[in-house]
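Model, not experiment: these values are computed from the prediction.
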Amino acid sequence: MARHLITSALPYINGIKHLGNMVGSMLPADVYSRYLRQRGHDVLYICATDEHGTPAELAAKEQGLPVDEFCAQAHDAQKAVYDGFALAFDYFGRSSSPQNVEITQHFARRLNENGFIEERAIRQVYSPADGRFLPDRYVEGTCPHCGYDKARGDQCENCTRVLDPTDLINPRSAISGSTDLEVRETKHLFLLQSKLQHEVEEWVSRHEADWPQLASSIARKWLNEGLHDRAITRDLDWGVPVPADTWPELAAEGKVFYVWFDAPIEYIGATKEWSDLDPENRDWRSWWYEADDTVRYTEFMAKDNVPFHTVMFPATELGVREPWKKVDYVKAFNWLTYYGGKFSTSQKRGVFTDQALDILPADYWRYFLIANAPESDDSSFTWEHFTATVNKDLADTLGNFVNRVLSFSKKRFGEEVPQGSAAGEAEAKLGEQIAELLAEYEAQMEALQFRKAAAALRALWSAGNSYLEEKAPWLEIKTDKDGAALTLRTAMNLIHLYAVVSEPFIPASAKVMREAFALTDDTATWVSPEEAKALAAVPAGTAFTVPPVLFAKLTDDDLAAYKERFGGQDA
């Protein structure tokens, strides 16, 4: 079986992420990783918190904490939420790790040796009161376009205009509030992407036909506009230090690498973090170095991250002139909106992942988000759509099927799977249908088409309900007790099949369904077409229990409460 390396865009350290962040990277990566593991592949799913950059320093200052302490606490808080969503990372690291520092500095040295880094003088805002140069986000003032008085030196959050610090009216330091600002000359390192343009174009040309149109079109747009040399250092206290053995003057000035230079390298760094925990049994280099023929690498990200992963990071990897693994497939997502407007971490607009888990268990969210993933276009979260999906798909189609089959069988035949008569025409027809639907589900999962995969999974659940309605064991038992027993035994085998194949979407509920049956040797990781047709994994005489209700139906009162708490179109 193949070796699959999977990464999802690193969540920024500053704050708990919203549902749009979850469905745009980490959750689909987890669903895909779980599926591949079930199919017998060797999978390594790596992620980490992205901890460097101006926002981390500002957030730490706001909380009155040293930035390293703030990042450590925020990392643990985010990891707790991801555990709550049952994200099965093989490792969830930190971009501030010593491993990432080591590898980032190695990349910088190699790029410099190969002529792709240049030291240049630029003019930048300096604050005498703070005794330091101010990165763009450390300069605040009034936006010249809309009058917003808390605009940052890189962008106005109110009108979204891109700005330069010198554009601001009444600029001030975000650190001290001082308005005594000067423009001085300082030196920074630039990555000469312009010299790598043709190599990146050739590399993208070899891969873009296989990528989703969203990913390839964004990469091509950046390439068509031309790659520009980019400053990769900043004047910050927190970041990967510029190595003194290569740039002693800049190191003495405390320069650190730009967060978008070191963050993608953390995919490699986090893999080394994972490997260093058990070096005798884990080899991080086998996943990343000279691995083109042995590893398939898939990245998951929202569309705003695509340029950095399809152009900037590949340019970096190409420029080091070493055989580092580059991405094979970029799974890009559009936006999940909240009633048509943007989720916003800074403006607290929308549902955040910790809040979601306070309301309902993770499986409700996992299924809804993947079934409505913003793949071909933006998709909108509304409470009306959420409650309707939960009630129809999870509560009625799956949950009700499980509950009524097991409850009715226990009531009429006791706590063991009944024997009944031999399978007949209806069961043979059902087996063929299940095998076909399972093949469709597999095909969509292999193609990373998550909405279509969810539709195929829903169709599998619906097939069980159709069979049950057709056979109607509650009527059948009045005239043909063995026939009713066969129907229930077949339905119980469907529940077990659903438990196995639904695990990537709803792992906790799948576990409950599977554990309803006291099977002594239940080691199945997937269901073959022959097994799907036979529907015999749970034999007669197997003890079973009726689990609690898998999915509670959401009421009009629930809907009203959600909208009152979070806001909505009609709230």
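- Contact check for Tyr267 versus Leu10: side-chain heavy atoms found under the 4.5 Å cut-off.
- Residue Met26 comes nearest to Ser8 through the heavy atom pair CG-OG, 3.5 Å, listed as atom of the first residue, atom of the second, then distance.
- Under 3.5 Å, the side chains of Ser379 and Asn372 contain no donor-acceptor pair of N or O atoms.
- Applying the ring-ring contact (aromatic ring centres under 6.0 Å, His included) criterion to Trp284, with sequence neighbours excluded, gives no partner residue.
- Between Phe343 and Trp335, the ring centre distance reaches or exceeds 6.0 Å.
- In this structure, Tyr329 and His207 have side chains that are not in contact, with every pair of non-hydrogen atoms separated by 4.5 Å or more.
- Asp328 places no side-chain N or O within donor-acceptor distance of the main-chain N or O of Thr298, the cut-off being under 3.5 Å.
- Thr7 places no side-chain N or O within donor-acceptor distance of the main-chain N or O of Glu299, the cut-off being under 3.5 Å.
- Less than 6.0 angstrom separates the ring centroid of Tyr35 from the ring centroid of Trp526.
- The nearest pair of heavy atoms linking Val306 to Ala215 is CG1-O, 3.7 Å.
- With sequence neighbours excluded, the residues that form a side chain to side chain contact (heavy atoms under 4.5 Å, CB included) with Glu69 are Leu65, Pro66, Gln73.
- Considering only residues two or more places apart in sequence or on other chains, Asp83 meets the salt bridge (Lys or Arg N to Asp or Glu O under 4.0 Å) condition with Lys79.
- Leu494 places a side-chain heavy atom less than 4.5 Å from the side chain of Leu430.
- In this structure, Phe300 and Leu448 have side chains that are in contact, with non-hydrogen atoms separated by less than 4.5 Å.
- Here the side chain of Tyr82 pairs no donor or acceptor atom with the backbone of Phe89 at under 3.5 angstrom.
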Validation: residues 497-507 side-chain donor-acceptor distances under 3.5 Å, sequence neighbours left out:
from   : atom 1 : to     : atom 2 : distance (Å)
Tyr498 : OH     : Leu460 : O      : 2.5
Tyr498 : OH     : Trp461 : O      : 3.4
Tyr498 : OH     : Gly464 : N      : 3.2
Ser502 : OG     : Trp461 : NE1    : 3.2
Ser502 : OG     : Tyr498 : O      : 2.7
Glu503 : OE2    : Arg34  : NH1    : 2.5

**Prompt:** Under the side chain to side chain contact (heavy atoms under 4.5 Å, CB included) criterion, do Lys342 and Thr337 qualify, and how do the steps go?
**Reply:** CA-CA 5 Å; Lys342 285 185 68 174; Thr337 66; 5.7 Å; no
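- Here the side chain of Lys17 pairs a donor or acceptor atom with the backbone of Tyr12 at under 3.5 angstrom.
- The two residues Val327 and Tyr297 make their nearest non-hydrogen contact at CA-CD2, 3.4 Å.
- Annotation: side chain of His309 is not in contact with side chain of Val330 (no heavy-atom distance under 4.5 Å).
- The OG1 atom of Thr487 sits 10.0 Å away from atom CD1 of Ile477, with the distance rounded to the nearest 0.5 Å.
- Annotation: the span from Arg282 atom CZ to Glu273 atom CD amounts to 12.0 Å, rounded to 0.5 Å.
- Screening residues 419-430 for side-chain hydrogen bond (donor to acceptor under 3.5 Å, both in side chains), with sequence neighbours left out, gives Glu427-Tyr467, Glu427-Lys471.
- Judged by distance alone, with hydrogens and angles left aside, the side-chain atoms of Ser25 form no donor-acceptor pair with the main-chain N or O of Met301 at under 3.5 Å.
- By the ring-ring contact (aromatic ring centres under 6.0 Å, His included) test, Phe551 pairs with Tyr364, sequence neighbours left out.
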**Message:** Working note: Tyr91 + Ser275, criterion side-chain hydrogen bond (donor to acceptor under 3.5 Å, both in side chains); need CA distance, chi angles, decisive distance, verdict.
**Reply:** CA-CA 9 Å; Tyr91 191 75; Ser275 179; over 6 Å; no
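- Take Lys303 and apply the salt bridge (Lys or Arg N to Asp or Glu O under 4.0 Å) test, not counting sequence neighbours, and it matches Asp378.
- Nearest heavy atoms, Phe352 versus Ile16: CD2-O, 3.3 Å.
- Judged by distance alone, with hydrogens and angles left aside, the side-chain atoms of Asn100 form a donor-acceptor pair with the main-chain N or O of Ser95 at under 3.5 Å.
- Distance alone, capped at 3.5 Å, places no donor-acceptor pair between the His41 side chain and the Val43 backbone.
- Within the 4.5 Å cutoff, the side chain of Trp288 has heavy atoms near those of the Leu5 side chain.
- Listed by chain and residue number, Lys331 satisfy the salt bridge (Lys or Arg N to Asp or Glu O under 4.0 Å) test with Glu375 (two or more places apart in sequence, or in another chain).
- The side chain to side chain contact (heavy atoms under 4.5 Å, CB included) search around Thr382 returns Tyr339, Ser380, Glu384, His385, not counting sequence neighbours.
- Side chain of Asn14 to main chain of Ala56: no donor-acceptor pair is present (N/O by atom type, distance under 3.5 Å, no hydrogens or angles).
- Listed here is the closest heavy atom pair of Pro212 and Ala332: CG-N, 4.3 Å.
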**Message:** What verdict does the side-chain hydrogen bond (donor to acceptor under 3.5 Å, both in side chains) test give for Thr555 and Asp558, after you've listed the backbone C-alpha separation in whole Å, the side-chain angles of each residue and the deciding distance to 0.1 Å?
**Reply:** CA-CA 5 Å; Thr555 66; Asp558 292 327; 3.2 Å; yes
**Item:** Worked check of salt bridge (Lys or Arg N to Asp or Glu O under 4.0 Å) between Arg296 and Glu446
**Value:** CA-CA 13 Å; Arg296 178 168 175 81; Glu446 297 286 348; over 6 Å; no
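- Note: Phe386 and Trp383 meet the aromatic proximity criterion, with ring centroids under 6.0 Å apart.
- Under the rule for a salt bridge (Lys or Arg N to Asp or Glu O under 4.0 Å), the partners of Lys553 that lie at least two apart in sequence or sit in another chain are Asp396.
- Tyr32 and Tyr45 have their aromatic ring centers separated by at least 6.0 angstrom.
- In this structure, Val295 and Leu44 have side chains that are not in contact, with every pair of non-hydrogen atoms separated by 4.5 Å or more.
- Annotation: side chain of Lys481 is not in contact with side chain of Pro418 (no heavy-atom distance under 4.5 Å).
- Across all their heavy atoms, Pro473 and Leu468 have their closest contact at CD-O, 3.7 Å.
- In this view, Ala524 and Arg514, Asp522 satisfy the side chain to side chain contact (heavy atoms under 4.5 Å, CB included) rule, not counting sequence neighbours.
- Residues Ser462 and Asn465 bring no donor and acceptor atom of their side chains to less than 3.5 Å of each other.
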Compile the donor-acceptor pairs under 3.5 Å between side chains in residues 406-417 and protein atoms, sequence neighbours left out, one pair per line.
from   : atom 1 : to     : atom 2 : distance (Å)
Ser407 : OG     : Asn403 : O      : 2.8

